[in-house]
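Comments concern the structure below.
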Amino acid sequence: MSEQADSLYRRERLFIGGEWRPSTALDSIGVISPFTEQPVGRAPGTAPADVDAAVAAAQGALTESPWASWDAESRADALDRLADALELRAPATAGLVTAENGMPISVSSTVEGPGPARTLRYYAQLARTVAQEERRPAASGSGTTVVRREPVGVIAVVVPWNFPQSLTMFKVAAALAAGCAVVVKPAPETVLDAFQLADAAQEAGLPDGVVNVITGGGDIGAYLVGHPGVDKVAFTGSTEVGRAIGEVCGRLLRPVTLELGGKSAAIVLDDADLASAVRGLAWACLLNSGQTCYTSSRVLAPRGRYDEVVDAVADLARSLRIGDPSDPATRVGPLVSARQRDRVESYIAAGRADGARVVTGGGRPADFERGWFVEPTVFADVDNSAAVAREEIFGPVLVVIPYDDLDQAVAMANDSPYGLAGTVWTSDEDKGLEIARRMRTGTVGVNFYNLDLGAPFGGVKASGLGRELGPEGLAAYVEYKSVYLRR
Ligand code: NAD
């Protein structure tokens, strides 16, 4: 392993105020490979004093550094330079994410490696087109109002382990485009890849303190979220933690964006071409071994084609190659942790106890002595009220539920505590759009599911508050100021 690769897997310092500073924490954070169950690397822990320093550095960037006076064009150029620096690192980043969380390399090398640069370039372009100030004739008829878009300020960015690079950049790119400064706290499971951003920020010449990267678990996350120097919190993670963060931010009257869990429905219509639908379902339902917030993990099938859909989905699940996540042929890797595997297995047991039928999977694959694997599992004869149909499992487990007519299908899709995503599978796209309009959810894909950087992403109900991506994602980091002029 080269010297540089060594340093990617072993970090000694935190990135605060544009420099590498020793942590004041006594602990460090070890990352364990979900495939080999052996250590991958280590990063320093973070103590509250380090959070104080990171928040102070971000505040300094907004008041004392050139960042505060740069216009949108200069910020956009900086975002493009950051994108260049991240692009150079993309293959290493993809490999690192795969080593940390077991994401199949075919996914990390198309999403986690190159994705952050794409998001930055999108927001750089948007920053160039959105006016920082506009003049409006006052509605009263006399005078003029100058409406300014000002940065919200210091943003606490708290992210999970499942798509650590993409989810961090959804927040950081929009925040920087708006002129904010960020303190990023990754999940302990994927703490190492977060420092790729720090390396790139240094290389891109971002002013000191604009990007700060710290570490830590839930306690440090909570300390950061409630810190008096933070102006807004941008969180992706579980609904449970999101609720706790929402409560804190409510008390503090602090703006917050929450991207939380999901239990989305795939509605297969009577006219669907199953052969092509099934190819799309592999991505929409089982991406990253099912550890994806927007997966359509409830498949709703018309009763007349129920057996056919169950068989097709089960064939799909059986066909996905399970294995070493760093092998490009692997489609299903291990789950991120032994704890996550326990959780998924407890849901499989609950499904069985509720009388659902395991069509395929249901256990651990036989060929592996190590690694936190669970076989892709398909349940049939599931009631929409069962725990496996209502709760987020976050693993390769699908349930197939029959429906009698479209009204019932839409009602079942909407009968969920969550509302993040969903898909409709049909040979008539107009009909698909019609169904999508009736689904109470933040996003819907017709015959595929692909996030669009240019459109808002987020959820309703227990799936979250606010939106990321698109111009709406930029607006989330802007405070409006109206200046009234007499003339
Ligand atoms: P998690 O909620 O346990 O942790 C997420 C992050 O929050 C981690 O960095 C963690 O250290 C930190 N944290 C934990 N407790 C905290 C607290 N009290 N205050 C502040 N920070 C705290 O989630 P996870 O297990 O890492 O990720 C899986 C979850 O993320 C799933 O529920 C999944 O659906 C959700 N997710 C949602 C989206 C989305 O866009 N809606 C995307 C990906 C993942």
Just so I know, are the side chains of [X] and [Y] near enough to count as touching, which here means a heavy-atom distance under 4.5 Å?
| X | Y | answer |
| --- | --- | --- |
| Ile214 | Val183 | yes |
| Val210 | Leu176 | yes |
| Cys180 | Val154 | no |
| Lys461 | Arg440 | yes |
| Arg254 | Val233 | yes |

Is any NZ, NE, NH1 or NH2 atom of the basic residue among [X] and [Y] found under 4.0 Å from an Asp or Glu carboxylate oxygen of the other?
| X | Y | value |
| --- | --- | --- |
| Arg121 | Asp84 | yes |
| Asp199 | Arg11 | yes |
| Glu73 | Arg75 | no |
| Glu189 | Arg339 | no |
| Arg148 | Glu133 | yes |
| Arg343 | Glu345 | no |
| Lys171 | Glu468 | yes |

Any side-chain donor-acceptor pair under 3.5 Å between [X] and [Y]?
| X | Y | result |
| --- | --- | --- |
| Tyr347 | Glu391 | yes |
| Arg390 | Ser385 | no |
| Ser74 | Asp77 | no |
| Gln291 | Trp161 | no |
| Thr257 | Lys232 | yes |
| Gln165 | Asp193 | yes |
| Thr98 | Ser108 | yes |
| Ser482 | Thr145 | no |
| Tyr449 | Ser264 | no |
| Gln196 | Thr93 | yes |

Can you measure from [atom1] ([X]) to [atom2] ([Y]) and round to the nearest 0.5 angstrom?
| X | Y | atom1 | atom2 | answer |
| --- | --- | --- | --- | --- |
| Leu335 | Phe35 | CG | CZ | 13.5 Å |
| Asn101 | Ser289 | CG | OG | 9.0 Å |
| Thr119 | Leu469 | OG1 | CG | 6.5 Å |
| Tyr223 | Thr46 | OH | OG1 | 12.0 Å |

Backbone N or O of [Y] within a donor-acceptor pair of the [X] side chain at under 3.5 Å?
| X | Y | answer |
| --- | --- | --- |
| Asp208 | Ala57 | no |
| Arg42 | Tyr9 | no |
| Thr441 | Ala421 | yes |
| Thr377 | Gly362 | yes |
| Asp327 | Asp324 | no |
| Asn212 | Gly17 | yes |

Output field: ring centroids Trp283/Tyr294 closer than 6.0 Å: no

Full working for side-chain contact (heavy atoms from CB on, under 4.5 Å) between Phe448 and Asn450: CA-CA 7 Å; Phe448 79 138; Asn450 235 359; 3.5 Å; yes

side-chain contact (heavy atoms from CB on, under 4.5 Å) evaluation trace for Arg149 with Glu134: CA-CA 9 Å; Arg149 291 186 174 83; Glu134 67 185 76; 3.6 Å; yes

Counterpart residues, salt bridge (Lys or Arg N to Asp or Glu O under 4.0 Å), relative to Glu375 (two or more places apart): none

